[in-house]
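Structure, as structure tokens:
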Amino acid sequence: MANLAVNIAGVELKNPVITASGCCGFGREFLDFYPLSALGGISLKGTTLNPREGNPPHRIAEAPAGMLNSVGLQNPGVQVLLEKDLPWLKEQNTVLIANLAGSSPEEYRAVTEAVEGSDIDMIELNISCPNVKAGGIGFGTDCDLAGGVIREVRAATTKPLIVKLTPNVTDITAIAKVAEAEGADAVSLINTITAMRIDINTRRPILHNNTGGLSGPAVFPVAVRMVWQAANAVKIPVIGLGGISTWQDGIEMMMAGARAIQVGAALFTNPMAPVEIVEGMNAWLDKQGIKDINDIVGTVKPW
Amino acid sequence: MIQEKAAIMGRRQLSPGVYKYLLSSPGIARTAAAGQFVQVTAPGFFLRRPISICRIDPQAGTLVLVMEVRGQGTAAIAGLGSEDSLDLIGPLGHGFALKDAASHALCVGGGIGLPPLCQAAAHHGANAAVVAGFRSASAVILADEVENLGASFAVATDDGTAGHHGLVTDLVKKHLEENKTDVIYACGPMPMLKAVAALAKEKGVECQVSLEERMACGMGACLGCACALYDEKGEQHYGHVCKDGPVFPAERVVW
Ligand SMILES: Cc1cc2nc3c(=O)[nH]c(=O)nc-3n(C[C@H](O)[C@H](O)[C@H](O)COP(=O)(O)OP(=O)(O)OC[C@H]3O[C@@H](n4cnc5c(N)ncnc54)[C@H](O)[C@@H]3O)c2cc1C
Ligand SMILES: Cc1cc2nc3c(=O)[nH]c(=O)nc-3n(C[C@H](O)[C@H](O)[C@H](O)COP(=O)(O)O)c2cc1C
Ligand code: FES
């Protein structure tokens, strides 16, 4: 059996497979299928300082080999996470990643301060949210806005900080470099790709929000490309996600440069996907005679 | 909740585009309850399709599902042959809060909303009255099945080709006037549910409704299937059809 453990910013994960934020709630929903201890880590539902109701329905639309969502960060607020879910989560023997969001740098800072003294192992900063003060431009699509919010958060926490990047940019390496320069310990990518579906009978967008985020296998090649570009642009570890649904996808993403991977929408088709990916990667490494999964990271041989 | 490959033991067309499946699904049948649903893989599609459980036989380890072809995913499921199996996750959600079998139940179904009521009707047997609305006589389904449960069955059709010419809610109104009713279980299009809930309220009869919404996970993990509800204090919030429902007390629903 090969070594599957990976180290991200000083935190050891027993295997490189993390379930992606927004796809596994606060960890209780998939317990009928496997214990959380089977996972390298869990990225918890995007959490804000105050409770958020999210967007009106419909919030889900299907796409070829994927789906769109416009959940709109519905969450009960950070206090509920800390008081109701964290005491249980910390007993589950997996790395706990809080996915934090806000609509202003101050709000990002406040939610970070709220988790600072807690048993959360790592912070994943979701900078795909619109900045309300800057007229709704996404923090993650503008280097200055992104830099500002990462700086605020970095100053508020000593926990390992992962910055989660949005793919809705022209140059992913520019934002990745900003994250590194502002003191992020790692980056994760990709978040969802802005997308739209229209019901041709009613001429209405299917999503009440008109647009939503595309994820699932449809986005996998885009994610591989961006992870490869980001991994070549920064020295901090890259966590790769976007459309991973099989162990082969996991290996491919790690060859592109990811030190760990996340599995999101694939859970909806196949709840067992994360566990099957761990098992499949392990079997492949053994068959290849590779002793350590870290040895495949970034080993793509570009033309 | 488990994932199970359910062999298709029988498949029959009930009306144009509507299929009844008898499935071998011992794991899900063992714990399923009236009004719960399963998420069915549609071959070639990313998202599973939510389908309510029509009948449960835990001894035989079987489930009955009744599915109408609406779009491409349900068409792909309908294209599967009797040698295939359906990939199910279930049982999911909260079903009907069944009253004592001796109490008098009125089951109100609109079209494909009828099948999800069958297990509840079976629970009440001869104490259940089932009323259902369809487009026309050719769309009427499950008449024999409902009568075999010992329940009474009345239909309304839009074009008058079978039963009452008009809305199923006309039958509900008549039934409530003429019969003692302890509880109403309803499933169908939103306007029908809304009208039934209003009639129930007027008569002071408890009413439970089964709602639909587009789903991804089906188990409360993605928060995709939002529906507007009132909480205990009467304040509005978004609950989730797959986990908090699909069956809700009618007074909780923001109509
Ligand atoms: C709890 C629940 C129980 C259901 N029970 C039954 C049943 O017993 N029998 C039956 O025939 N149908 C039932 N439905 C409706 C059934 O799920 C849809 O008709 C089906 O998903 C349509 O898929 P499609 O690919 O044919 O249509 P498309 O329109 O091509 O589907 C596109 C996407 O929208 C979703 N979608 C479309 N219509 C609906 C809808 N009405 N509800 C939820 N999602 C929808 C699909 O799942 C898919 O993700 C139920 C729905 C819910 C939520
Ligand atoms: C229903 C849903 C909800 C999501 N919610 C969040 C969230 O709260 N925070 C976040 O950073 N990403 C969120 N995402 C994005 C995923 O974490 C992930 O980045 C994206 O879906 C791509 O990966 P995938 O193709 O494996 O799903 C959500 C995705 C989905 C499908
Ligand atoms: S479908 Fe995911 S929460 Fe209901």
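Naming: A, B, ... by sequence-line order, numbering from 1 per chain.
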How far does CE of Met67(A) sit from SG of Cys222(B), to the nearest 0.5 angstrom? 6.0 Å
Ranked by heavy-atom pairs below 4.5 Å to chain B, first place among Cys24(A), Gly66(A), Gly25(A), Ala65(A) goes to Gly66(A)
Going through the distances and angles, do His237(B) and Gln74(A) end up as a side chain to side chain donor-acceptor pair (under 3.5 Å)? CA-CA 11 Å; His237(B) 70 286; Gln74(A) 180 172 23; over 6 Å; no
What part of Asn55(A) lies closer than 4.5 angstrom to a heavy atom of chain B: side chain, backbone, both or neither? backbone
Can you tell which of Pro217(A), Pro64(A), Ser245(A) makes a side-chain contact (heavy atoms from CB on, under 4.5 Å) with Phe46(B)? Pro217(A)
Closest heavy-atom pair and its distance - Glu29(A), Ala221(B): CG-N, 3.7 Å
Nearest-0.5 Å distance that lies between atom CZ in Phe33(A) and atom CD1 in Ile89(B): 4.5 Å
Please round to the nearest 0.5 Å and tell me the distance separating atom SG of Cys225(B) and atom CZ of Arg59(A). 8.5 Å
Please identify, among Lys243(B), Gln39(B), His240(B), the residue contributing the most non-hydrogen atom pairs under 4.5 Å to chain A. His240(B)
Below 4.5 Å from any heavy atom of chain B, which atoms of Ala265(A) appear? Answer side chain, backbone, both or neither. both
Checked Gly27(A), Ala266(A), Pro56(A), Gly54(A) vs chain B; the most non-hydrogen pairs under 4.5 Å come from Pro56(A)
Can you measure from CZ (Arg214(B)) to CG (Leu207(A)) and round to the nearest 0.5 angstrom? 8.5 Å
If you count the non-hydrogen atoms of other residues, nucleotides and ligands that lie under 6.0 Å from CD in Glu53(A), is the total more than 12? yes
Given heavy-atom pairs under 4.5 angstrom as the criterion, report whether the side chain, backbone, both or neither of Leu31(A) touches chain B. neither
If I take atom CD1 from residue Ile2(B) and atom CG from residue Asp32(A), how far apart are they, to the nearest 0.5 angstrom? 9.5 Å
Is Lys14(A) atom NZ crowded by more than 12 heavy atoms from other residues, nucleotides or ligands, each under 6.0 Å away? yes
Of the backbone (N, CA, C, O) and the side chain (C-beta and beyond), which part of Gln3(B) lies under 4.5 Å from a heavy atom of chain A, both, or neither? both
Using 0.5 Å steps for rounding, measure from the CD1 atom of Ile60(A) to the CE atom of Met215(B). 10.0 Å
Any Lys/Arg nitrogen of Glu62(A) or Arg49(B) sitting under 4.0 Å from an Asp/Glu carboxylate oxygen of the other? yes
Is the positively charged end of Arg52(A) above the ring of Tyr238(B), judged by distance under 6.0 angstrom from the centroid and angle within 45° of the axis? no
